[in-house]
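Just so it is clear, the model here is predicted, and its values are computed rather than measured. Atoms within a ligand are numbered from 1 in the order they appear, just like the ligands themselves.
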Amino acid sequence: MNKANYISVILPLKLEWEPCYRLPEGDSCCVTIGDRVKVRFANRSYSGVVSAIGIEPKTSVSRIKEIDCLEEGLEKILPEEIELWRKVAEYYLCTIGEVYKAAYPASRINLEEAHAAAIAKSNLRRERLLEAMRCKVKKLKERLDKKEALISESKEGTKAKVRYTEEAVRIRKELATAASALSVAETKAATGQTQHLQMQGHSADRIVLNEAQQESYGKIEDAFRHEKPILLHGVTGSGKTEIYIKAALSVLEKGKNVLYLVPEIALSRQLKERLYEHFNERLLVFHSAETPASRRNTAESIRNGKGYIVLGTRSALFLPHHDLGLIIVDEEHDNSYKQDSPAPRYNGRDTALMLSVIHRCNIILGSATPSLEEIYNCQCGKHVLIRLMERYHGSEDSDIEIIDTKAEKRKRGMIGNFSRKLISRIQCVLDEGGQVMILRSRRSWAPALQCEECGEIPKCPHCNVSMSLHKGGAERMVCHYCGFSIYANGHCGKCGGPLKSLGAGTQKIEEEAAALFPHARIARLDGDNAQSNGYESCIIREFGKGNIDILIGTQMLAKGFDFSNLRLVAVIAADTLLGMQDFRADEKAVQILEQFRGRCGRRDRKGRIVIQTSQPEHPVYQRFAEGNTGTFSSALLLERKDFNFPPFTRIIEIAVRDRSEERACREAAALAGILGSKFEITGPYPPAVDKVADQFIRIIRINMRKDKTLASGKSAIKELTAVFEKERKYDGHITINVDPS
Ligand code: ADP
Ligand code: ZN
């Protein structure tokens with residue numbers, strides 16, 4: 001046996017080990033770590049990544065398969081990429097294969113192949129690569145045909161039929177991307193040229209900071225010298241973005257690269273124009289709404305380029321970064337950084353910190369409302385806190401007004417969902433030519449319906465949650481969890497009585513506003529209409545230009561937008577911000593209010609934020625009104641410490657899902673028994689919505705102390721769970737979520 005011929009390979013699967021393969025005789029010298037190889041595993045073909053060479057095979061040599069071939073068309077993976085995958089898998093208790101799959105999804109691999117074929121210098125090589133792609137399409141077609149035959153042969157309603165149908169859907173998807181990649185490759189093969197980055201842009205001197213900003217910038221440079229991560233806590237409008245730009249420009253001048261992360265795509269669209277002015281062609285944008293072809297081009301530019309800045313969402317962490325000089329994590333407190341499903345269930349902010357350690361590069365986390373996790377990190381001295389508490393345009397903090405809707409109702413001071421006080425505030429602003437934003441945290445016309453006769457609340461047949469009523473065109477009842485929807489005929493499905501709406505969503509608020517302010521130009525922005533890429537940016541642009549007087553929407557309005565003529569922000573039925581059964585609820589509520597407060601009165605004029613609530617005495621509003629969110633954070637931190645919650649501990653949440661409720665309970669209880677003998681657990685308990693898409697859910701929560709035993713404790717949880725799954729042959733889903741949001 002020649003040990004040099006044995007390699008281990010990372011496969012895009014939930015596999016606890018990296019399987020061993022043999023290289024063909026004579027090939028060992030030309031394969032290196034990071035190369036991609038085609039291998040067969042459980043009768044299917046995969047593109048894997050070579051993770052080690054010259055290993056000692058653990059099983060009998062005769063059982064080890066040879067690789068099919070070296071994937072010449074696919075890019076080599078950098079050692080830093082593999083290192084990040086390992087860290088993410090270890091921290092978030094998933095497998096490295098799952099991280100690889102997230103970093104290099106099938107669509108990306110197909111395009112990599114297409115690209116390689118397009119730029120292949122020799123005709124022979126190009127033909128070979130094209131042939132491989134044709135072969136892949138052909139095989140997928142055959143597999144699909146087989147599945148379809150199986151589907152038509154199997155009986156309606158059987159488990160087998162469901163499984164075949166699910167598999168067919170997956171294969172069809174794979175086939176679609178492979179076929180489109182092939183057609184791209186075939187048409188491009190004649191002309192194909194790679195684009196390289198053009199290195200033009202401005203110098204850091206172009207940004208002139210004011211005194212307060214200059215002082216912060218000096219502290220940042222100082223912390224950089226000590227290689228410490230920075231938390232930049234700056235009020236909205238203080239110029240954090242300006243500071244990021246300056247820091248980024250100076251990194252690019254040194255020929256290094258920058259990664260600029262934002263929590264959501266909407267924000268990247270806003271920033272793109274602003275950053276382009278400074279970085280020109282050196283700015284690359286990367287997020288899941290870009291076309292796969294454009295994402296691949298970005299990945300390619302990064303691989304070959306120097307002096308670039310990537311603006312992206314969390315998936316941009318998995319690009320082939322090299323020579324990183326700086327990572328910026330904007331709005332670090334934002335929950336959208338966390339991916340809840342599928343694995344890896346990672347937090348973009350914390351993964352960015354891992355990436356900065358791997359590349360030994362600087363990192364700035366910025367926010368107007370820092371997370372308690374970050375405040376804690378600064379208190380422990382792990383990170384450096386730099387504060388910027390002055391607005392650049394010098395405007396003062398907005399006034400805060402809290403309106404008690406219960407009291408108003410008693411005085412007949414409410415018209416629908418608007419109090420008379422709020423109506424007059426809005427009218428005043430409109431009369432002066434100012435703009436208004438109205439937040440209502442629920443999309444839809446009505447979040448729920450109820451039968452006036454029998455009291456029945458229509459629920460989704462697949463989820464344990466009430467259906468929302470949506471208007472606009474035909475009226476439909478929609479489930480916000482699984483997307484199921486039916487035509488709403490206004491009658492109870494049980495007794496036929498009339499349905500009335502419970503509560504008001506953004507659509508109804510829009511309707512009421514239109515009646516109250518007939519001369520105002522009103523628009524709405526929420527998850528329903530923002531899906532189309534063009535619509536959201538169009539609304540934001542029109543509002544920015546002053547062509548809309550009142551903008552109504554969900555939390556998405558709070559994200560970093562800058563409108564100079566916005567004078568009033570109103571939060572309607574603010575109680576829903578507090579309603580969450582979650583230890584982070586208060587922290588999140590204060591963050592949202594603070595973000596909105598930052599939106600208004602940004603220039604020379606003082607703005608106002610009006611909160612309509614039925615719990616005016618709630619500490620969240622009280623502290624917020626006192627304007628002292630700093631002391632509020634300290635109070636929250638103390639509370640977290642007393643109750644042993646993060647950031648003082650780590651939470652690991654294990655969810656058991658099953659189509660049968662009885663089985664979900666039984667299996668969760670059995671697993672809890674095993675984990676409970678070693679760890680401090682809560683549950684199993686049903687979450688607030690305990691059935692989603694026909695799966696019943698039970699949660700087990702583990703609170704772990706942050707000490708030397710943490711790492712070994714975490715891997716024990718993973719191991720015990722895996723053994724449990726295997727021994728029971730349990731085919732429900734068990735998922736582990738570290739640091740759930
Ligand atoms: P933040 O990111 O903290 O919300 P921004 O960087 O967006 O703040 O700054 C708010 C506004 O002030 C922006 O319109 C920005 O152009 C302007 N601004 C801030 N700092 C400067 C500066 N040093 N020079 C010119 N304009 C600035
Ligand atoms: Zn549903």
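- Side chain to side chain, S441 and T554 fail the donor-acceptor criterion of an N or O pair below 3.5 Å.
- For ligand 1, the atoms closer than 4.0 angstrom to any heavy atom of E242 are 6 (O), 15 (C), 16 (O), 20 (N), 21 (C), 22 (C), 23 (N), 27 (C).
- Within the 4.0 Å heavy-atom shell around ligand 1 one does not find G234.
- At least one heavy atom of V235 sits less than 4.0 Å from an atom of ligand 1.
- Salt bridge status for D528 with R443: present, with a side-chain N to carboxylate O gap under 4.0 Å.
- Shown in contact with G239 at under 4.0 Å from a heavy atom are these atoms of ligand 1, numbered in order with element: 1 (P), 3 (O), 5 (P), 6 (O), 8 (O), 9 (O), 19 (C).
- The line from OG1 of T241 to CD1 of I245 is 6.5 Å long, rounded to the nearest 0.5 Å.
- Contact annotation for R274 and ligand 1: only side-chain heavy atoms (C-beta onward) come within less than 4.0 Å of the ligand.
- Note on H480: not counted as a metal contact of the Zn ion (ligand 2), no N/O/S atom lying under 2.8 Å.
- Remark: aromatic rings of H233 and H333 are distant, center separation not under 6.0 Å.
- With distances taken over non-hydrogen atoms, the option nearest atom 20 (N) of ligand 1 out of Q213, R391, E331, K240 is Q213.
- Rounded to 10 degrees, the SG-metal-SG angle spanning C463 and C482 at the Zn ion (ligand 2) equals 110°.
- When each atom of ligand 1 is checked for a heavy atom of L209 under 4.0 Å away, the hits are 23 (N).
- With a heavy-atom cut-off of 4.0 Å, V208 touches ligand 1 through its backbone alone.
- Here CD1 of I548 is found 4.5 Å from CD1 of I539. Values are rounded to the nearest 0.5 Å.
- At a threshold of 4.5 Å between non-hydrogen side-chain atoms, the residues Y337 and T313 do not count as touching.
- Using a cut-off of 4.0 Å between Lys/Arg side-chain N and Asp/Glu carboxylate O, D222 and R225 are scored as salt-bridged.
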